[in-house]
Amino acid sequence: MTSDELNAVYDLPYTRLPHPRYKGRRIPAYEMIRHSITIHRGCFGGCAFCTISAHQGKQIVSRSKKSILKEAEAITRMEDFKGYITDLGGPSANMYGLNGRDKNVCAKCKRPACLHPKVCPNLNTDLTPLVDLYRSVGKVPGVKKISIGSGIRYDIMQYRDPDAKADKSHRTYTEELISKHVGGRLKVAPEHTQDHVLDLMRKPPFSRFEDFKKTFDRINRECGLNQQLIPYFISSHPGCTEEDMAQLAIITKRLNFRLEQVQDFTPTPMTLSTEIFYTGINPYTMKPVYSARTDREKQAQQQFFFWYDPARRNSLIAELRRIGRSDLIPKLFHP
Ligand code: SF4
């Protein structure tokens, strides 16, 4: 799909209403999206467990600013609009307008991810068009605030791009995002704390999340804001053991998180993670990889997310003893 085709799809005269069969019923998903705008398709993150690049492609196709502004104006005319745009997003909110610098290199590229294991030097990471878009939508009469509801990739914002303009745009975007466009809670997806699991997931090391949290806390302090960072995590991903989950619990406890946005790995067609889960082998190294498979093994991992729940304490202590890591009990249950 080209940008023009994408614009043409979004320029159609949608009612922006649920199907009439839902008349009078409250639809939570609709509440979330009715004042939000999709600004691009595709994702070059290449997370090993995710199918978005298989559905939408690795190359980002962005809508024009004109098309997005037209939709923003349409939203301001909605009867229930109170001035708050709840998302300018896509699979990852901050990939708008980003593509390879040399398209010929991209056309021959076999990398599944442009960000992992390192940011590709051919990737244009200039967030200036996105900053400009937020500012422009913010000037549409009737818009009081734009919050970003889609998840963001902090590794793009942290990348030191040799191109000075792109590099500067990362700092501008980070400051404006955190100071102006967080609707109380900002979603990010470190997905795990253990780097060997993160590497299998094709995610950046956990230290990047800790660095981002410091930036988030600093900007909040400077702006007198009390906003929350909401990290997403996965248990039972191939390569993850109960000991890894115990470490995840200890580390997130140290960072003062009580996790809510968590999920247990579910094999999904067309992903590397599912191939590893199914075969028990990492196809890149041909080495065996452990995966939790039984309900018991999966539950044993997942319960570590909820270390703060007194009802799970005895079970977690028993599990730590069973895996020979009684030494972690005081770290999890004592200050
Ligand atoms: S060459 Fe780089 S920017 Fe282009 S698709 Fe490959 S990894 Fe992505």
Side-chain angles (χ1 to χ4, degrees), residues 45 47-50 116-117 151-155 158 185-214 216-217 228-268 271-274 276-277 282 289-335:
C47 299
F49 49 82
C50 178
H116 185 272
I152 53 142
R153 288 291 302 230
Y154 43 82
D155 40 352
Q158 292 168 330
R185 315 173 100 203
L186 183 67
K187 290 185 223 159
V188 287
E191 306 292 10
H192 215 289
T193 55
Q194 304 308 98
D195 286 350
H196 68 101
V197 181
L198 288 166
D199 197 43
L200 274 174
M201 291 174 164
R202 296 201 193 107
K203 282 285 195 181
F206 190 68
S207 57
R208 300 280 186 80
F209 171 74
E210 294 191 86
D211 290 345
F212 181 70
K213 184 177 181 304
K214 281 182 198 148
F216 183 84
D217 292 344
Q228 266 185 303
L229 199 55
I230 305 293
Y232 284 47
F233 287 94
I234 298 178
S235 55
S236 305
H237 188 274
C240 176
T241 62
E242 284 169 39
E243 190 174 336
D244 291 322
M245 289 304 297
Q247 297 291 1
L248 183 151
I250 290 164
I251 292 169
T252 54
K253 180 188 177 193
R254 171 172 59 77
L255 293 172
N256 290 323
F257 287 111
R258 291 197 170 204
L259 304 179
E260 331 162 349
Q261 297 297 337
V262 295
Q263 58 174 311
D264 199 64
F265 172 70
T266 307
T268 317
T271 66
L272 171 66
S273 302
T274 297
I276 299 175
F277 175 83
N282 179 347
V289 177
Y290 166 79
S291 290
R293 289 170 189 281
T294 64
D295 283 351
R296 204 214 80 81
E297 287 168 340
K298 285 168 119 3
Q299 278 162 14
Q301 291 212 12
Q302 203 180 24
Q303 65 180 344
F304 279 100
F305 286 135
F306 309 106
W307 58 269
Y308 52 84
D309 176 2
R312 297 180 196 248
R313 186 178 170 124
N314 288 344
S315 169
L316 286 168
I317 289 174
E319 206 58 46
L320 286 168
R321 287 196 177 122
R322 195 187 68 76
I323 62 172
R325 293 305 309 263
S326 305
D327 59 307
L328 299 181
I329 295 170
K331 291 192 179 168
L332 204 47
F333 295 111
H334 305 298

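Keep in mind that this is a model prediction, so the values were computed, not measured.
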Tell me, with the steps shown, if Met245 and His192 meet side-chain contact (heavy atoms from CB on, under 4.5 Å).
CA-CA 9 Å; Met245 289 304 297; His192 215 289; 3.6 Å; yes
Atom of Leu272, atom of Leu200 and distance for their closest heavy-atom approach
CD2-O, 4.3 Å
Between atom SG of Cys240 and atom CD of Glu297, what is the distance when rounded to the nearest 0.5 Å?
11.5 Å
Look at the aromatic rings of Phe305 and Phe233 and report parallel, tilted or perpendicular, splitting at 30° and 60°.
tilted
So, taking the atom named CG in Asp211 and the one named CZ in Phe206, what distance separates them when rounded to the nearest 0.5 Å?
10.5 Å
Should Phe212 and Leu186 count as side-chain neighbours, where that means a heavy-atom distance under 4.5 Å?
yes
Pairing of Glu319 and Arg312 as salt bridge, 4.0 angstrom limit
no
Quick one, Leu259 and Leu248 - any side-chain contact, counting heavy atoms below 4.5 Å?
yes
Can His116 and Asp155 be said to form a side-chain hydrogen bond (donor to acceptor under 3.5 Å, both in side chains), step by step?
CA-CA 10 Å; His116 185 272; Asp155 40 352; over 6 Å; no
Is it true that, when you exclude Lys213 itself, more than 12 heavy atoms of the residues, nucleotides or ligands shown sit nearer than 6.0 Å to its NZ?
yes
Assess the residue pair Phe277 and Arg293 against the criterion (side-chain contact (heavy atoms from CB on, under 4.5 Å)); give the C-alpha distance rounded to whole Å, side-chain angles, the decisive distance to 0.1 Å, and a yes or no.
CA-CA 8 Å; Phe277 175 83; Arg293 289 170 189 281; 3.9 Å; yes
Hey, are the side chains of Asp244 and His196 touching, using non-hydrogen atoms and a 4.5 Å cut-off?
yes
Nearest 0.5 Å, what's the CG-CZ distance between Leu229 and Arg185?
10.5 Å
Any idea which heavy atoms bring Ile276 and Pro238 closest together, and the distance?
CG2-CB, 3.7 Å
Between Trp307 and Phe257, the two heavy atoms sitting closest are CZ2-O, 4.0 Å
Just wondering, do Phe333 and Leu316 contact through their side chains at under 4.5 Å, heavy atoms?
yes
Selection residues 200-209 - residue pairs positive for side chain to side chain donor-acceptor pair (under 3.5 Å), sequence neighbours left out:
Arg202-Tyr284
Rounded to the nearest 0.5 Å, the NZ atom of Lys298 sits from the CD atom of Glu242 at a distance of 12.0 Å
Report the relative orientation of the aromatic rings in Phe265 and His237; use parallel for angles under 30°, tilted for 30 to 60°, perpendicular for over 60°.
perpendicular
What heavy-atom pair brings Ala292 and Gln301 nearest, and what distance separates the two atoms?
CB-NE2, 3.7 Å
Please report the closest heavy-atom contact between Cys47 and Arg153, naming both atoms and the distance.
SG-NH1, 3.5 Å
Search all heavy atoms of Pro205 against all heavy atoms of Leu198 and return the closest pair with its distance.
C-CD1, 4.0 Å
Could you measure the distance from the CG atom of Leu332 to the CD atom of Gln247? Nearest 0.5 Å is fine.
10.0 Å
Could you walk me through whether Thr193 and Phe209 pass the side-chain contact (heavy atoms from CB on, under 4.5 Å) test, one step at a time?
CA-CA 9 Å; Thr193 55; Phe209 171 74; over 6 Å; no
Applying side-chain contact (heavy atoms from CB on, under 4.5 Å) to Arg321 and Ile329, what does each step give before you reach the verdict?
CA-CA 9 Å; Arg321 287 196 177 122; Ile329 295 170; 4.1 Å; yes
According to side-chain contact (heavy atoms from CB on, under 4.5 Å), who are the partners of Gln261, at least two apart in sequence or on a separate chain?
Ile230, Tyr232
Is any side-chain heavy atom of Val188 less than 4.5 Å from a side-chain heavy atom of Pro190?
yes
Between the CD atom in Glu243 and the CG atom in Leu328, the distance rounded to the nearest 0.5 Å is 6.5 Å
State, yes or no, whether a side-chain contact exists between Ile251 and Arg254 at a heavy-atom distance under 4.5 Å.
yes
